[in-house]
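Just so you know, these numbers come straight off a predicted model, no measurement behind them.
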Amino acid sequence: MKKRKRKRFYKNVKRNQTWTEEIQGREIDFADKYADDGIYSDKFDYLRPKKKPKNKRKKLRKKIKKIFRVIGCILIGIAILFAGYAAMDVYMIRHRMPELADAVSDKDDGFNKISIHIESCYVEPVSLDNAVMLSSVISEAQTHSFSSVAFDIKRPDGSVAYRSALANVDAYGAVAFPSAAFKESVSELTRSDMLPVGIVSCYQDNVVPAKNSELAVLDDSGKVYTDDSGNTYLNPNSDLAYRYIKDIIEEANTQGVKVFILNETKLPSDISEKYEDGFDVLSAKLYKDIGSDIKLLEAVNISLSEKAADESSNEISEKMKNNLNENQVYYIKTSGDKYLIKEKLEESGIVSFILADK
């Protein structure tokens with residue numbers, strides 16, 4: 001019996017015509033399960049965060065605030081920077097060493113070849129001993145922008161202002177009211193950036209001539225010469241008198257003093273022509289014997305009244321001209337306010353002076 005061929009369900013002739021349709025509509029979205037005829041029906045929709053409409057004006061304000069904050073920070077930074085530089089300048093001015101007007105050009109030139117501008121306040125040597133007093137001296141000098149502190153080595157009355165180990169000083173009994181810790185005080189001034197300046201009254205001396213007339217200026221009768229004020233003088237032509245002055249300066253130099261103000265280097269006018277006096281002659285001898293590691297300056301004595309500190313006063317401009325040479329310094333004694341006078345001196349362009357009480 002012939003086996004009957006089983007009829008297939010699909011026919012290739014009608015394929016893709018009856019049961020398959022073209023793709024229509026859109027891709028299925030994950031939220032379509034909540035949709036009903038294109039209308040969403042998510043019952044949890046109210047819980048979802050909503051995007052707030054953008055406020056352009058508010059956004060602009062925030063941007064402007066941010067810009068101003070950045071600008072403010074920059075301005076504050078600049079202000080702090082300038083304040084720091086200003087504070088540093090003040091500190092450097094108050095702690096500066098004396099200005100060196102000319103640099104040393106040759107290696108063979110010594111300290112004596114350097115031009116120094118000194119703005120100094122005078123103190124009594126005994127003020128240098130006590131630590132508290134010395135600290136007060138340094139603090140006051142720095143506060144008023146002085147670059148150095150000046151004190152007597154040999155006073156106008158002839159007394160020596162430090163404890164000297166020189167035999168002739170001891171023999172003449174010249175030491176009076178001395179600075180006991182002289183070397184230590186000089187070292188402390190140097191460590192504090194304050195230049196120690198020693199003042200030496202060279203020829204005016206009321207101590208030595210009374211002890212030894214060989215060192216004294218004599219009058220025509222052979223007696224010790226006395227001026228109208230009762231002062232006596234060392235003889236500039238005497239080798240003994242010169243060595244006495246030299247030994248004092250040399251000893252003070254070993255204690256740390258390098259700058260010396262030579263005062264009273266000229267004798268009274270009525271006898272001066274008979275002697276080889278003057279700063280130039282004396283300083284040349286001292287440099288030759290002591291060396292070039294010291295600086296010698298000539299004192300130009302000025303006396304100012306109490307009114308010199310007043311703004312309306314012309315006393316400073318009338319008495320003091322800005323015509324000192326590099327080896328001179330004004331030695332000013334005044335009963336006025338030293339710190340106001342200092343300001344007036346600086347305004348007048350005077351940069352080398354010592355201020356002392358009258």
query: Does a side chain donor of either Glu251 or Tyr162 reach within less than 3.5 Å of an acceptor in the other side chain?
result: yes
- request: Taking atom types as modelled, find out whether Asn231 and Ser229 have a side-chain donor-acceptor pair closer than 3.5 angstrom.
  value: no
Under a 4.5 Å side-chain heavy-atom rule over Ile, Leu, Val, Met, Phe, Trp and Tyr, are [X] and [Y] clustered together?
{"X": "Val126", "Y": "Tyr122", "value": "no"}
{"X": "Ile78", "Y": "Val70", "value": "yes"}
{"X": "Val175", "Y": "Val200", "value": "yes"}
{"X": "Val281", "Y": "Ile245", "value": "no"}
{"X": "Val257", "Y": "Leu296", "value": "yes"}

Short side-chain to backbone donor-acceptor contact, [X] and [Y], under 3.5 Å:
{"X": "Lys338", "Y": "Cys121", "answer": "no"}
{"X": "Asp310", "Y": "Ser313", "answer": "no"}
{"X": "Ser213", "Y": "Ala216", "answer": "no"}
{"X": "Ser139", "Y": "Ser135", "answer": "no"}
{"X": "Thr334", "Y": "Leu304", "answer": "yes"}
{"X": "Gln142", "Y": "Val137", "answer": "no"}
{"X": "Ser136", "Y": "Val132", "answer": "no"}
{"X": "Gln328", "Y": "Asn325", "answer": "yes"}
{"X": "Glu315", "Y": "Ser305", "answer": "yes"}
{"X": "Asp152", "Y": "Arg155", "answer": "no"}

Under a 4.0 Å N-O cut-off, is there an ion pair linking [X] with [Y]?
{"X": "Asp293", "Y": "Lys258", "answer": "yes"}
{"X": "Glu119", "Y": "Lys342", "answer": "yes"}
{"X": "Asp205", "Y": "Lys154", "answer": "yes"}
{"X": "Lys344", "Y": "Glu347", "answer": "no"}
{"X": "Asp220", "Y": "Lys274", "answer": "yes"}

What heavy-atom pair brings [X] and [Y] nearest, and what distance separates the two atoms?
{"X": "Ile294", "Y": "Asn112", "answer": "O-CB, 3.2 Å"}
{"X": "Lys358", "Y": "Ser335", "answer": "CB-N, 4.0 Å"}
{"X": "Val217", "Y": "Pro236", "answer": "CG2-CD, 4.2 Å"}
{"X": "Tyr172", "Y": "Lys211", "answer": "O-CE, 3.4 Å"}
{"X": "Ile354", "Y": "Ala150", "answer": "CG2-CB, 3.9 Å"}
{"X": "Asn237", "Y": "Glu276", "answer": "OD1-N, 3.0 Å"}

Going by heavy atoms in the side chains, are [X] and [Y] under 4.5 Å from each other?
{"X": "Asn327", "Y": "Lys295", "answer": "yes"}
{"X": "Val329", "Y": "Val300", "answer": "no"}
{"X": "Ile302", "Y": "Met320", "answer": "yes"}
{"X": "Val123", "Y": "Leu128", "answer": "yes"}
{"X": "Ser238", "Y": "Tyr244", "answer": "no"}
{"X": "Ile71", "Y": "Ile74", "answer": "no"}

query: Mind checking whether Tyr287 and Phe111 have ring centres under 6.0 Å apart?
result: no
query: When the aromatic ring centroids of Phe353 and Tyr331 are compared, is their separation below 6.0 Å?
result: no
Could you give the distance from [atom1] ([X]) to [atom2] ([Y]), rounded to the nearest 0.5 Å?
{"X": "Ile118", "Y": "Ser148", "atom1": "CD1", "atom2": "OG", "answer": "5.0 Å"}
{"X": "Ser185", "Y": "Met133", "atom1": "OG", "atom2": "CE", "answer": "9.0 Å"}
{"X": "Leu345", "Y": "Ile350", "atom1": "CG", "atom2": "CD1", "answer": "5.0 Å"}
{"X": "Ile316", "Y": "Ile332", "atom1": "CD1", "atom2": "CD1", "answer": "7.0 Å"}
{"X": "Asn168", "Y": "Leu240", "atom1": "CG", "atom2": "CG", "answer": "9.5 Å"}
{"X": "Glu346", "Y": "Ser145", "atom1": "CD", "atom2": "OG", "answer": "7.0 Å"}

More than 12 heavy atoms of other residues, nucleotides or ligands under 6.0 Å from [atom1] of [X]: yes or no?
{"X": "Lys246", "atom1": "NZ", "answer": "yes"}
{"X": "Lys62", "atom1": "NZ", "answer": "no"}
{"X": "Asp219", "atom1": "CG", "answer": "yes"}

- request: Would you please classify the geometry between the Phe182 ring and the Phe151 ring as parallel, tilted or perpendicular, with 30° and 60° separating the classes?
  value: perpendicular
task: Describe, in one word, how the ring planes of Tyr339 and His144 are oriented to each other, choosing from parallel (under 30°), tilted (30 to 60°) and perpendicular (over 60°).
output: parallel
statement: Of Thr226, Asp157, Asp227, Asn206, the one forming a side chain to side chain donor-acceptor pair (under 3.5 Å) with Thr232 is Asn206
- request: Mind running side-chain contact (heavy atoms from CB on, under 4.5 Å) on Ile248 and Leu166 for me, showing each step along the way?
  value: CA-CA 8 Å; Ile248 290 174; Leu166 297 173; 4.1 Å; yes
message: Using side-chain hydrogen bond (donor to acceptor under 3.5 Å, both in side chains), reason through Tyr203 and Asn235 one step at a time and then give a plain yes or no.
response: CA-CA 7 Å; Tyr203 295 135; Asn235 187 346; over 6 Å; no
task: Please assess Ile153 against Ile199 for the test side-chain contact (heavy atoms from CB on, under 4.5 Å), listing each intermediate value before the final yes or no.
output: CA-CA 5 Å; Ile153 298 294; Ile199 303 173; over 6 Å; no
query: Is the charged tip of Lys285 near the ring of Tyr242: under 6.0 Å from the six-membered ring centre and within 45° of its axis?
result: yes
- prompt: Stepwise, does the side-chain hydrogen bond (donor to acceptor under 3.5 Å, both in side chains) test hold for Ser179 with Asp129?
  reply: CA-CA 6 Å; Ser179 170; Asp129 282 344; 2.7 Å; yes
message: Go through it in stages, so that I can follow the logic: the residues are Leu286 and Leu262, the test is side-chain contact (heavy atoms from CB on, under 4.5 Å), and I'd like the CA-CA distance, side-chain angles, deciding distance and then a yes or no.
response: CA-CA 11 Å; Leu286 292 170; Leu262 303 187; 4.0 Å; yes
Chi angles and distances behind the side-chain contact (heavy atoms from CB on, under 4.5 Å) call for Ile249, Asp247: CA-CA 6 Å; Ile249 293 175; Asp247 289 346; over 6 Å; no
- prompt: Taking Asp277 as the fixed residue, which of Leu234, Thr265, Leu267 is the one that meets the side-chain contact (heavy atoms from CB on, under 4.5 Å) rule?
  reply: Leu267
